[in-house]
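What follows is a single structure, written as structure tokens, with notes after it.
Computed from a prediction, not measured in an experiment: that's the story for all the values here.
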Amino acid sequence: MVRLFKILSYQITRMVSQDTILSPSQRALIPKSKMDVESIERLTPLSPSTLAPLIPHLLTWIQDSNWPISQPIIELLRKHPSIVIEPVRKVLRDEAGEEDDGAWKSNCLNGLVVEMERGFQMEFKDELVRMAKSPTKEELEWETMDVAKDVLGELGITLDESSKPPSDKDGDSVSK
């Protein structure tokens, strides 16, 4: 119950503070509640440039994967990986307004990052390495460390390699 209150109060605060940067027509596109799955119909035909400023607001609705709006938003955002990278990075770095929200990070990783093409996944290398090497308490609880390791493994990145300087084809260190 405390967690639910925390999420809802954060949600309201976040939306109020973010609404000041959106126009009234943009605010009208944002889901009004966790039950507002009809809003996806308004969002689906939007161009990436129109959708981009809405992404941080939409990501707040995937904080809890049990909310009816969560999965439709994930499906919508999967279609636009290039405009999702920076807002998701902010969630993974705890820069999106809530500190160490393991559930939100897990939903971003499992719902979005895992499903992205390799090139887009590489954009999260630093965040994935940090989660795999030094997970927070919440990241451990939500097993984001394991997901990060899996994605890194699929990308062919080992944790030992991630901290080494690049090498040439003979294996010698190359300084930039």
Side-chain angles (χ1 to χ4, degrees), residues 3 7 10-11 14-15 18 26 29-31 33-159 161-162:
R3 173 99 173 122
I7 289 172
Y10 166 75
Q11 194 77 347
R14 180 101 171 120
M15 293 303 289
Q18 287 183 344
Q26 289 172 313
L29 296 169
I30 302 295
S33 75
K34 64 183 179 182
M35 304 301 285
D36 188 9
V37 292
E38 294 81 26
S39 64
I40 300 303
E41 293 172 17
R42 295 188 305 268
L43 295 165
T44 300
L46 298 179
S47 69
S49 62
T50 304
L51 194 58
L54 307 177
I55 301 296
H57 303 273
L58 296 175
L59 284 174
T60 63
W61 291 109
I62 71 167
Q63 287 177 309
D64 187 329
S65 61
N66 293 312
W67 291 342
I69 192 74
S70 180
Q71 193 58 42
I73 286 179
I74 287 172
E75 290 171 15
L76 172 70
L77 296 180
R78 282 180 185 161
K79 297 174 186 174
H80 304 282
S82 63
I83 61 172
V84 170
I85 291 171
E86 284 308 314
V88 168
R89 179 176 284 130
K90 287 184 177 190
V91 172
L92 299 180
R93 290 182 176 175
D94 296 323
E95 297 172 357
E98 181 143 341
E99 191 172 320
D100 198 21
D101 187 334
W104 198 9
K105 291 176 188 179
S106 176
N107 293 339
C108 284
L109 283 178
N110 288 304
L112 297 170
V113 176
V114 166
E115 299 297 326
M116 289 178 173
E117 292 178 10
R118 181 183 175 98
F120 293 116
Q121 289 176 332
M122 284 296 289
E123 295 289 327
F124 297 101
K125 179 184 173 190
D126 292 343
E127 291 77 20
L128 294 169
V129 168
R130 199 254 336 129
M131 286 181 181
K133 285 186 171 184
S134 304
T136 65
K137 179 182 173 194
E138 282 278 314
E139 290 168 352
L140 284 169
E141 183 178 327
W142 286 90
E143 301 176 354
T144 57
M145 176 180 75
D146 297 331
V147 177
K149 286 179 180 178
D150 289 345
V151 173
L152 289 168
E154 289 177 19
L155 293 172
I157 298 170
T158 63
L159 294 179
E161 288 176 357
S162 65

- request: Locate the shortest heavy-atom distance separating Pro31 from Asp36; write the atom from each residue and the value.
  value: CA-OD2, 3.3 Å
message: Can you give me the closest heavy-atom contact between Cys108 and Val91, atom names plus distance?
response: SG-CG1, 3.9 Å
field: Shortest non-hydrogen contact from Phe120 toward Pro81
entry: CE1-CG, 3.5 Å
- request: Check for a donor-acceptor pair, side chain of Gln121 on one end and backbone N or O of Val114 on the other, with a separation under 3.5 Å.
  value: yes
- line: Nearest heavy-atom approach of Glu138 to Ala103 is OE1-N, 4.4 Å
message: Nearest 0.5 Å, please: how far is CG in Leu128 from CG in Leu152?
response: 5.0 Å
field: Separation between OG of Ser39 and CD1 of Ile69, rounded to the nearest 0.5 Å
entry: 4.0 Å
- prompt: Can you check whether Ile55 reaches His80 side chain to side chain, under 4.5 Å on heavy atoms?
  reply: no
field: side chain to side chain contact (heavy atoms under 4.5 Å, CB included) assessment of Lys34 paired with Asn66
entry: CA-CA 9 Å; Lys34 64 183 179 182; Asn66 293 312; over 6 Å; no
message: Any non-hydrogen side-chain atom of Glu127 less than 4.5 Å from a side-chain atom of Val113?
response: no
query: Is Met145 close to Leu140 at the side-chain level, that is, under 4.5 Å between some pair of heavy atoms?
result: yes
message: Would you compute the distance between atom CG of Leu109 and atom CG of Asp150 and round it to the nearest 0.5 angstrom?
response: 10.5 Å
query: Are the side chains of Ile62 and Trp67 in touch, meaning some heavy atoms are under 4.5 Å apart?
result: no
query: Do Arg130 and Glu139 meet the salt-bridge criterion of a basic N to acidic O distance under 4.0 Å?
result: yes
task: Can you spot which of Leu54, Leu59, Leu58 makes a side chain to side chain contact (heavy atoms under 4.5 Å, CB included) with Pro87?
output: Leu59
Glu86 CD to Glu123 CD distance, which is reported to the nearest 0.5 Å: 7.5 Å
- prompt: So, the side chain of Glu95 versus the backbone of Lys90: is there a donor-acceptor pair under 3.5 Å, distance only?
  reply: no
statement: In this structure, CZ of Phe124 is separated from CE of Met131 (nearest 0.5 Å) by 9.5 Å
- line: Here the pair of heavy atoms bringing Ala52 nearest to Pro56 is O-CD, 3.9 Å
- request: List the atom of Ile73, the atom of Trp61, and the distance in Å for their closest heavy-atom pair.
  value: CD1-CB, 3.4 Å
message: Nearest 0.5 angstrom please: Ile83 CD1 to Leu51 CG, how far?
response: 4.5 Å
query: Between Arg78 and Glu75, is there a side-chain N and carboxylate O pair less than 4.0 Å apart?
result: no
